[in-house]
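First listed ligand is number 1; within each ligand, the first listed atom is number 1.
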Amino acid sequence: MAEIVVMGAGLSGTLMAYELVPQLMAGDRITLVSQGPTYHFVPSNPWVAIGWRQREAIEIDLEKVMRRKDIRLMTQGVRKVHPGENRIELADDSSISYDYLVIATGPDLAFDEIPGLGPRGHTQSICHIDHAVEAKAAFDRFVERPGPIIVGAVQGASCFGPAYEFLFILETELRRRRIRDRVPMTFVTSEPYIGHLGLDGVGDTKGLLESEMRERHIKWITNARVKTVEAGKMDVEELDEAGAVRKSHELPFAFSMMLPAFRGVPAVRGIEGLTNPRGFILVDKYQRNPAFPNVFAIGVCIAIPPVGPTPVPVGVPKTGFMIESMVTASALNIGALLKGREAKAQPTWNAVCLADFGDSGVAFLAQPQIPPRNVNWSSKGEWVHYAKVAFEKYFLHKIRKGESEPFYERLLLEKLDIQKIKEVKEPA
Ligand SMILES: Cc1cc2nc3c(=O)[nH]c(=O)nc-3n(C[C@H](O)[C@H](O)[C@H](O)COP(=O)(O)OP(=O)(O)OC[C@H]3O[C@@H](n4cnc5c(N)ncnc54)[C@H](O)[C@@H]3O)c2cc1C
């Protein structure tokens, strides 16, 4: 009788719990430890921040669905992992001993690394639903008194797709409100070039995204290091190829959203053998930690080295398709171990991303993620918006129903069937 604990009930953790159910032997138990009773769909946060979605539409009560699936849900959160003792300590001082642990805690948002960055400072965030709701209130105030906008991703960031997405949906919204002519827009990014995305580009993402920015009159600064943010002012250093300061910019803004750098959450940070110096979990090709082989890790919390050196540090993104493959491999491996077999399943770690622009969008597919690649494809069109809506709809359905059918695999198998994707209705 094994106790399997999944830590974190975000995208990877909830799917992990569902995929583990068919792997159990009689008497085995799954415990999912979350921070609070609800799940929210992070990829829809950009829409929440400009009012295209309401919080309720992307939030799910986990208690009901976990009860139905016979998964024990504990909502108090984990204070510390003690892998040497096969034990997690919860925030209410209680403990759970485990036979297998799956860490799925996503990122800790490192706003504190730059003075004035983030919702407690002077820039907005879309990384958490609470931040997106706050950003919407700030956006409402902004439209009363429009001014310059800065959107982007700071040094050490690894999640660039949502920064582009937010930039373009914001621009679309400003045009719809007929105030775009009063809003100079600048994209500030640590990437060495537009469309790098932490992946050294995919297909023609450089050309597609630069051209979109030119068409929409959006300026950009690459190789950017944000020094400080004050109310209405961002100090940015632009570096050259050798990493020396090429130009300093003092940028005024009336509204700004900047993606922060990520690091591991406090419950796992600083544990010898478990994490790298940023607190990301070290895993082998089976999603297993080499020092503590009964610990698996999936999603944004795992350590992946950057694709190559850049003047300003940038990380590798971990997106939905990769995450689905990490979940499936980990579930199969834990299932095999429970049955006394070897863990052999390996994730594909391919990257697929859909960046919605509201009235258009860019999609890309990188197989494998690190170049040179067998598939290196990008494309632009209105269909991407509908594909993104389909992505949201399928994932929310899966999590509400406790299903684990992979969305991306299906999308790829259907060869991005645009007609099918367009039939998906947007939620009211
Ligand atoms: C704004 C944004 C938009 C994105 N859009 C897309 C997209 O369109 N397509 C795509 O493929 N990918 C997208 N991604 C990337 C990725 O798919 C998401 O970040 C996804 O949510 C990552 O899943 P995760 O499970 O690793 O982390 P999360 O979904 O963040 O879940 C982590 C969970 O762990 C919990 N947790 C943390 N610490 C503890 C603790 N101590 N105890 C218990 N629980 C804990 C958190 O509360 C959270 O619920 C986006 C990312 C962001 C930030």
- [ ] Would you mind finding which of V33, L32, V48 brings a heavy atom closest to atom 43 (C) of ligand 1?
- [x] V33

TODO: Name the orientation class of the two ring planes belonging to F142 and F139 (parallel below 30°, tilted from 30 to 60°, perpendicular beyond 60°).
DONE: parallel

Open item on the list: Any atom of ligand 1 sitting under 4.0 Å from a heavy atom of E165?
Closed with: no

Open item on the list: Would N45 count as a contact residue for ligand 1, given that I'm defining contact as a non-hydrogen atom of the residue lying under 4.0 Å from a ligand atom?
Closed with: no

Open item on the list: Taking 4.0 angstrom as the limit and counting only heavy atoms of V300, give me the atoms of ligand 1 inside it, by number and element.
Closed with: 19 (O), 22 (C), 26 (O)

TODO: Quick one: sort the Y193 and H196 rings into parallel, tilted or perpendicular, breaks at 30° and 60°.
DONE: perpendicular

Open item on the list: Using a strict threshold of under 4.0 Å (side-chain N to carboxylate O), is an ion pair present between E173 and R177?
Closed with: yes

Task: Contacts of type side-chain contact (heavy atoms from CB on, under 4.5 Å), residue Q346, not counting sequence neighbours - done: K285, Y286

Task: The single option from V202, N376, D200 passing side chain to side chain contact (heavy atoms under 4.5 Å, CB included) against P371 - done: D200

Open item on the list: Quick check: closest heavy atoms across A343 and R288, and the distance to 0.1 Å?
Closed with: CB-NH1, 3.8 Å

- [ ] Under 4.0 Å, heavy atoms only, figure out whether ligand 1 is touched by the backbone of Y39, its side chain, both or neither.
- [x] neither

Open item on the list: Regarding ligand 1, does M7 bring an N or O atom to under 3.5 Å of one of the ligand's N or O atoms?
Closed with: no

- [ ] From the options H40, K318, Q35, select the one whose nearest heavy atom is closest to atom 38 (N) of ligand 1.
- [x] Q35

Task: G77: numbered ligand 1 atoms lying under 4.0 Å from its heavy atoms - done: 42 (N), 43 (C)

Open item on the list: Would you call the rings of H131 and F111 parallel, tilted or perpendicular, taking 30° and 60° as the class edges?
Closed with: perpendicular

Open item on the list: Between Y39 and F395, does the ring pair (Phe, Tyr, Trp, His ring centres under 6.0 Å) criterion hold? Intermediate values first, please.
Closed with: CA-CA 12 Å; Y39 165 85; F395 266 103; 9.0 Å; no

TODO: Salt-bridge test for R53 and E59: reply yes if a basic N is under 4.0 Å from a carboxylate O, no otherwise.
DONE: no

Open item on the list: If the condition is side-chain hydrogen bond (donor to acceptor under 3.5 Å, both in side chains), which residues does W349 pass it with, not counting sequence neighbours?
Closed with: Q287

Open item on the list: Less than 4.5 Å apart, side chain to side chain, heavy atoms only: is that true for I96 and R72?
Closed with: yes

Task: Within-cut-off N or O pair, L11 and ligand 1, under 3.5 Å - done: yes

Task: Under 4.0 Å to a heavy atom of G10 - the qualifying atoms of ligand 1, by number - done: 25 (O), 29 (O), 31 (O), 33 (C), 49 (O)

Open item on the list: Does the residue C353 have a heavy-atom contact with ligand 1, meaning some pair of atoms that are separated by less than 4.0 Å?
Closed with: no

- [ ] Give the atoms of ligand 1, by number and element, whose distance to some non-hydrogen atom of I323 is under 4.0 Å.
- [x] 17 (O), 22 (C), 23 (O)

Task: ligand 1 to V78 polar contact by distance, N or O atoms, under 3.5 Å - done: yes

Open item on the list: Show me which atoms of ligand 1 lie under 4.0 Å from any heavy atom of A267.
Closed with: 41 (N)

Open item on the list: Measuring from non-hydrogen atoms of F166 to any atom of ligand 1, is the shortest distance under 4.0 Å?
Closed with: no

Open item on the list: Which of the numbered atoms in ligand 1 are under 4.0 angstrom from any heavy atom belonging to G320?
Closed with: 10 (C), 11 (O), 12 (N), 17 (O)

Open item on the list: Using a strict threshold of under 4.0 Å (side-chain N to carboxylate O), is an ion pair present between E89 and K80?
Closed with: no

TODO: For T319, take its heavy atoms, then give the atoms of ligand 1 lying under 4.0 Å from any of them.
DONE: 10 (C), 11 (O), 12 (N)

Task: From the candidates P43, S44, G264, the one that places a heavy atom nearest atom 13 (C) of ligand 1 - done: P43

- [ ] Find all atoms of ligand 1 within a distance of less than 4.0 Å from any non-hydrogen atom belonging to A104, and give their numbers and elements.
- [x] 32 (C), 33 (C), 34 (O)

Open item on the list: With a 4.0 Å cut-off on heavy atoms, is K388 in contact with ligand 1?
Closed with: yes

